[in-house]
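In what follows, chains carry the letters A, B, and so on, assigned in the order in which the sequence lines appear, proteins first and then strands, with residues in each chain numbered from 1.
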There are 2 protein chains.
Amino acid sequence: MTTPHFSGVAVTVDVVVLTIRDDELQVLLVERGIEPFRGMLALPGGFILPDEDAEPAARRELVEETALDGEGLYLEQLRTFATPHRDPRGRVITVAYLAIAPDLPVPAGGTDAHAARWQPVSSLLSGAVALAFDHLEIVEHAVDRARSKLEYTTLATAFCPAVFTMTELRRVYEVVWGVSIDARNFHRKVTNADDFLEPTGERRVLETGRPAALYRRGAARSLFPPMLRAAFPPVPAADPRS
Amino acid sequence: MTTPHFSGVAVTVDVVVLTIRDDELQVLLVERGIEPFRGMLALPGGFILPDEDAEPAARRELVEETALDGEGLYLEQLRTFATPHRDPRGRVITVAYLAIAPDLPVPAGGTDAHAARWQPVSSLLSGAVALAFDHLEIVEHAVDRARSKLEYTTLATAFCPAVFTMTELRRVYEVVWGVSIDARNFHRKVTNADDFLEPTGERRVLETGRPAALYRRGAARSLFPPMLRAAFPPVPAADPRS
DNA sequence: TCAAAAGTGTTTAACTTACACCCATGT
DNA sequence: ACATGGGTGTAAGTTAAACACTTTTGA
């Protein structure tokens with residue numbers, strides 16, 4: 001008790017990177033090249049270096065394993081998982097991070113990057129795709145956290161590129177929560193919230209329809225009044241016709 | 001990269017126990033008996049055992065160091081602090097926990113319990129009382145978390161004993177947020193929220209005034225609609241007269 | 001009968017919701 | 001002209017804030 005127990009414990013970081021692709025919430029995974037769980041999908045992550053803080057370690061592992069740069073990437077600590085036998089190799093404690101990225105095309109192709117790929121979150125929660133270690137539990141925590149923080153913070157903008165339209169922002173809420181939101185009331189609500197959005201003055205011309213105003217993230221980090229999930233109807237099931 | 005780095009890192013837990021005493025938010029501290037920071041105040045905590053999960057370790061250290069039993073104690077993981085030189089003895093990473101207790105008289109007297117004592121949070125934030133290691137930063141995070149969670153969860157009941165009055169519950173919000181709340185609207189709001197409170201049917205007779213109805217915690221963990229801090233006026237400065 | 005604290009009812013203002021309607025562009 | 005998506009106005013409904021008032025106790 002008088003001296004630290006430097007007794008056979010290792011500390012890792014694991015990162016849950018969420019994004020929206022193809023109108024779905026997706027998470028960035030890597031294929032494990034070594035035992036244990038060789039060939040299975042896992043969260044990007046690795047050991048903290050002897051003189052490194054946890055957050056820089058998370059950013060470093062992300063670059064090394066997925067070639068996803070921290071450029072404009074939102075990153076926050078999620079929680080630490082320390083269940084005794086969560087890693088068959090021994091006592092390994094992991095500090096999990098939640099990251100949120102705009103829909104950047106990750107070099108999922110032939111580069112190194114341990115075969116990094118985007119995977120729909122729904123395919124993990126349904127059990128259709130299995131994850132190594134306790135990484136499914138970590139993803140569940142990350143998704144819960146993201147869903148909560150959309151309510152009281154301006155986190156939704158982290159899913160958008162530096163400049164985005166009102167509809168892109170609204171789709172973030174709709175996809176992450178699985179709800180449908182009235183575009184007109186949404187517009188009023190977010191433009192009324194102080195410093196949530198900053199108009200660029202520019203407009204984006206789409207294939208069809210009236211050009212949409214473009215916005216940047218504002219300075220606010222908390223959102224008042226909050227956007228409450230419970231106020232929106234769940235999205236209707238996809239129509240099997242057409 | 002193929003084998004865990006079991007390289008000289010130690011993992012501890014530290015616990016921020018908050019309570020309300022004398023109409024003030026207070027935190028449970030112990031006096032350090034050994035170097036480093038001998039004689040200074042610190043959070044209760046210690047090393048995780050080789051085959052122990054983090055949360056049981058937090059409960060165990062609390063019992064060992066402060067004789068505060070986990071009986072009815074709310075406990076949740078706060079976050080992990082891994083700044084390289086936060087402990088002068090070497091690489092020590094700590095998993096911090098937030099606990100909330102009703103106003104239990106802790107055996108702060110002659111027992112072992114490393115001279116555990118309650119300390120007003122304000123005396124720490126003002127710098128009047130110093131803490132060992134980075135424990136001030138940990139307390140700040142804990143207080144922020146508690147203040148936030150009062151808004152969207154039923155956490156406030158964790159500050160109250162098993163059976164409590166409406167006024168005791170309201171004082172939790174007022175003290176933790178430093179606001180003043182209309183007793184009548186508060187009453188209506190919390191009794192309307194589903195499963196926040198469960199009436200016992202009993203009443204408590206005070207020294208003066210009409211007896212207050214007694215309540216128990218209900219089953220709900222989230223609070224809807226939320227109780228928003230921003231909606232309440234800050235408490236006026238104490239009146240120097242009288 | 002008074003003081004003090006608990007609890008109810010009512011008015012008024014603020015906010016949300018739903019939706020009719022208008023705007024700006026490409027084809 | 002019309003289809004498509006962007007954006008504004010507004011009326012109805014809902015919620016919350018302020019506070020007068022009643023209830024129940026001890027002194």
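- The aromatic rings of B:Phe81 and B:His141 sit perpendicular to each other, their planes meeting at more than 60°, with 30° as the lower class boundary.
- A donor-acceptor pair under 3.5 Å is formed between the side chain of A:Arg145 and the backbone N or O of A:Leu78.
- For A:Arg184, counting side-chain heavy atoms from C-beta on, the closest listed nucleotide (D:dT8, C:dG7, C:dA3) is D:dT8.
- The distance from atom CG of A:Asp182 to atom P of C:dC21 is 16 Å, rounded to the nearest whole Å.
- For the pair B:Arg203 CZ and C:dA5 C1', the interatomic distance rounds to 12 Å; values are reported in whole Å.
- When rounded to the nearest whole Å, the span between CZ of A:Arg204 and P of D:dG5 equals 15 Å.
- If you take CZ of B:Arg171 and P of C:dA5, they are 12 Å apart, rounded to a whole angstrom.
- Between the side chain of A:Tyr97 and the backbone N or O of A:Glu55, at least one donor-acceptor pair lies under 3.5 Å.
- B:Thr66 contributes no side-chain N or O that, together with a main-chain N or O of B:Val63, makes up a donor-acceptor pair within less than 3.5 Å.
- Rounded to an integer number of Å, the gap from B:Leu228 CG to D:dT15 P is 15 Å.
- Distances were taken from every side-chain heavy atom of B:Arg210 (C-beta onward) to each of C:dA5, D:dG6, C:dC19; the shortest belongs to C:dA5.
- Contact annotation: A:His187 side-chain N/O to D:dG6 OP1/OP2 distance is not under 4.0 Å.
- For A:Glu168 and A:Arg171, the salt-bridge test fails: no basic side-chain N is under 4.0 Å from an acidic carboxylate O.
- The phosphate of D:dG6 (OP1 or OP2) has a side-chain N or O of A:Thr167 nearer than 4.0 angstrom.
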Step-by-step side chain to side chain contact (heavy atoms under 4.5 Å, CB included) determination, B:Arg221 to B:Thr153: CA-CA 6 Å; B:Arg221 289 293 164 263; B:Thr153 74; over 6 Å; no
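- Rounded to whole angstrom, the span from the OH atom of A:Tyr215 across to the P atom of D:dG7 amounts to 6 Å.
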B:Phe232 vs B:Tyr173, ring-ring contact (aromatic ring centres under 6.0 Å, His included): CA-CA, chis, key distance, verdict: CA-CA 10 Å; B:Phe232 300 104; B:Tyr173 283 92; 7.9 Å; no
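- The nearest whole Å value for the distance from the CD atom in B:Glu168 to the P atom in C:dA5 is 14 Å.
- In this structure, the nucleotide among D:dG6, C:dG7, C:dA20 sitting nearest to the side chain of A:Arg170 is D:dG6.
- Taking atom CZ of residue B:Phe186 and atom C1' of nucleotide C:dA5, one finds them 16 Å apart after rounding to whole Å.
- Among the protein residues, A:Ala213 comes within range of the sugar-phosphate backbone only, with heavy atoms under 4.0 Å from sugar or phosphate atoms but none that close to a base.
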Sequence-aligned protein contact record of nucleotides 10-17 of chain C, with B where the base is within under 4.0 Å of a protein heavy atom and S where only the sugar-phosphate is: B-----SB
